[in-house]
2 protein chains.
Amino acid sequence: MTCAEEYTPQLRARGYRMTPQRLAILHILHHNGGHLSPVEVFDAARRELPGLTEATVYRTLEFLAENHLARPALNGNGHIAYEIARHEHHHLICRRCGNEMEVEHAILKSMYARLESESGYRLTDRHLTFFGLCPDCQKGEL
Amino acid sequence: MTCAEEYTPQLRARGYRMTPQRLAILHILHHNGGHLSPVEVFDAARRELPGLTEATVYRTLEFLAENHLARPALNGNGHIAYEIARHEHHHLICRRCGNEMEVEHAILKSMYARLESESGYRLTDRHLTFFGLCPDCQKGEL
DNA sequence: CTCCTTATTGCAACTTTTTGCAATTGCCTA
DNA sequence: TAGGCAATTGCAAAAAGTTGCAATAAGGAG
């Protein structure tokens with residue numbers, strides 16, 4: 001299935017349009033797999049679609065995040081990067097070497113339920129990024 | 001106890017210096033209590049200390065965060081804001097009305113321990129912000 | 001109290017991100 | 001298949017954030 005076939009119906013269903021700009025950006029995110037900063041997305045997408053502007057990239061990334069086709073996350077330097085939306089997960093980043101691993105959302109489920117009942121809020125989404133020292137860097141620290 | 005008396009020893013103990021710039025910024029954060037964006041800190045601190053520059057504000061806020069005198073957190077619009085370091089807590093923000101409540105870190109303790117044992121990482125810090133609908137906005141949604 | 005080291009700041013140029021508005025263009029309807 | 005409405009984009013200017021480097025100044029030593 002192509003990106004167009006996969007994502008167009010999802011946008012239409014919500015009353016939005018598929019455009020060459022959105023498609024190029026989705027394509028970049030989809031095939032890269034990992035996190036990309038807005039600037040990285042801009043550079044890559046512009047190669048597919050010359051004439052694309054930064055403003056459009058920033059607006060599109062935010063738009064895709066709102067519509068759950070992309071997810072924003074903080075990277076090690078405290079800036080926001082985006083990745084294509086797959087399964088729910090969060091990130092654990094090593095403060096020393098920058099190595100990154102995924103944290104399944106499942107581990108947070110019970111905490112989540114408790115937070116909802118204690119606060120009265122209905123939780124919808126979150127920005128979670130964990131920092132620490134990976135096993136290798138802990139050794140080097142002794 | 002004045003801000004100077006409170007914070008100067010903490011910096012000295014780590015081998016850093018107290019300066020009028022740092023003191024002004026700490027003073028702003030301390031007396032405001034809540035989150036302030038870098039621009040808000042700049043505007044306020046500059047009133048106490050004309051001649052202060054943006055570059056210094058950005059560098060100082062990052063410096064204070066590294067040294068645990070201030071804490072960074074994502075606010076509702078996805079940008080980083082800072083508050084004076086008090087007890088460990090996180091934030092739960094209503095997507096509709098913007099209302100904000102604090103989430104005690106204690107609620108995360110067991111999830112934290114599990115995350116450490118499963119990942120092998122030693123956790124040091126994190127950026128956690130939760131979003132949802134507050135009780136009032138849930139009513140309005142029916 | 002003065003000197004000296006080096007942490008810290010200001011400056012200025014630069015990059016990144018945001019915003020309003022007019023022009024464009026998806027895509028629904030007939 | 002053409003027409004029209006509203007979503008979306010590009011443009012250009014502004015705002016926010018970053019960086020390297022030379023000048024300044026905090027605070028320990030003599």
Side-chain angles (χ1 to χ4, degrees), chain A residues 3-5 7-28 35-46 48-67 69-70 72-82, chain B residues 3-5 7-28 35-46 48-67 69-70 72-82:
Chain A
C3 284
E5 288 164 355
Y7 298 118
T8 303
Q10 298 190 51
L11 289 185
R12 294 272 179 79
R14 289 168 160 269
Y16 298 113
R17 299 174 182 171
M18 180 54 82
T19 65
Q21 293 83 351
R22 288 177 179 171
L23 192 53
I25 290 169
L26 282 165
H27 195 257
I28 297 301
H35 297 144
L36 292 174
S37 71
V39 172
E40 288 169 330
V41 171
F42 174 68
D43 291 341
R46 185 167 227 200
E48 294 192 4
L49 195 70
L52 181 69
T53 61
E54 293 98 331
T56 298
V57 171
Y58 285 102
R59 281 185 292 219
T60 299
L61 289 172
E62 197 164 324
F63 167 84
L64 294 175
E66 279 166 8
N67 290 284
L69 296 183
L74 282 181
N75 59 24
N77 53 55
H79 289 191
I80 288 189
Y82 292 83
Chain B
C3 284
E5 287 165 356
Y7 298 118
T8 303
Q10 298 191 51
L11 290 184
R12 294 274 179 79
R14 289 168 161 268
Y16 299 113
R17 299 172 182 174
M18 179 54 82
T19 65
Q21 292 83 351
R22 288 178 179 171
L23 192 53
I25 291 169
L26 282 165
H27 195 257
I28 296 302
H35 297 146
L36 292 173
S37 71
V39 172
E40 289 169 329
V41 171
F42 174 68
D43 290 342
R46 185 167 228 205
E48 294 192 4
L49 196 70
L52 181 68
T53 61
E54 294 98 330
T56 297
V57 170
Y58 286 103
R59 281 186 291 219
T60 298
L61 288 172
E62 198 163 321
F63 166 84
L64 294 176
E66 280 166 8
N67 290 284
L69 296 184
L74 284 182
N75 59 24
N77 53 56
H79 290 192
I80 288 189
Y82 292 83

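Each chain gets a letter, A, B and so on, in the order the sequences are listed, and its residues count up from 1. No hydrogens, no waters, no symmetry mates; every other heavy atom, side chains included, goes into these values. As the structure is a prediction and not an experimental result, all values here were calculated from the model.
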Quiz item: Would you say D:dT18 has OP1 or OP2 under 4.0 Å from some side-chain N or O of B:Tyr58?
Solution: no
Quiz item: Taking C-beta and beyond as the side chain, do B:Arg22 and B:Tyr7 meet within less than 4.5 Å on heavy atoms?
Solution: no
Quiz item: Quick one: are B:Asn67 and B:Gln10 in side-chain contact, heavy atoms under 4.5 Å?
Solution: no
Quiz item: Nearest-Å distance, CG (B:Leu23) to P (C:dA7)?
Solution: 21 Å
Quiz item: Side-chain contact, heavy-atom cut-off 4.5 Å: B:Val39 with B:Tyr58?
Solution: yes
Practice problem: Take atom CD of B:Glu40 and atom P of D:dA16, then tell me their distance rounded to the nearest Å. | Solution: 10 Å
Quiz item: Heavy atoms, side chains only, cut-off 4.5 Å: are A:Leu11 and A:Phe63 in contact?
Solution: yes
Self-check item: Between C1' of C:dC11 and CG of B:Leu52, the distance in whole Å
Solution: 13 Å
Exercise. Measure the shortest side-chain to side-chain distance between A:Val41 and A:Tyr82 over non-hydrogen atoms and say whether it is less than 4.5 angstrom.
Key: no
Quiz item: Counting just side-chain N and O atoms, does A:His79 come under 4.0 Å of either OP1 or OP2 of D:dG17?
Solution: no
Quiz item: Which letter, B, S or -, goes with each nucleotide of nucleotides 19-30 of chain C from 5' to 3', with contact meaning a protein heavy atom under 4.0 Å?
Solution: BB----BBSS--
Quiz prompt | Whole angstrom value for the distance that separates C1' of C:dT8 from CZ of B:Arg14 | solution = 17 Å
Quiz item: Under 4.5 Å between any side-chain heavy atoms of B:Leu23 and B:Leu49, yes or no?
Solution: no
Practice problem: Report yes if at least one side-chain N or O of B:Thr56 is closer than 4.0 Å to OP1 or OP2 of C:dG10; otherwise report no. | Solution: yes
Quiz prompt | Closest-nucleotide ordering on DNA chain C, the 5'-leading residue of B:Pro50 and B:Gly15 | solution = B:Gly15
Exercise. Could you check whether B:Gly51 gets within reach of a base, just the sugar-phosphate, or nothing at all, counting any heavy atom under 4.0 Å?
Key: sugar-phosphate
Quiz prompt | Whole angstrom value for the distance that separates P of D:dA15 from CG of B:Asp43 | solution = 12 Å
Quiz item: Can you tell if the side chain of B:Met18 reaches within under 4.5 Å of the side chain of B:Leu26, non-hydrogen atoms only?
Solution: yes
Practice problem: Find the distance B:Glu54:CD to C:dA13:P and express it as a whole number of Å. | Solution: 14 Å
Self-check item: Closest-nucleotide ordering on DNA chain D, the 5'-leading residue of B:Glu62 and A:Gln21
Solution: A:Gln21
Quiz item: How close or far is atom P of D:dA25 from atom CG of B:Leu49, stated in whole angstroms?
Solution: 12 Å
Quiz prompt | d(CG, B:Leu61; C1', C:dT9) in whole Å | solution = 15 Å
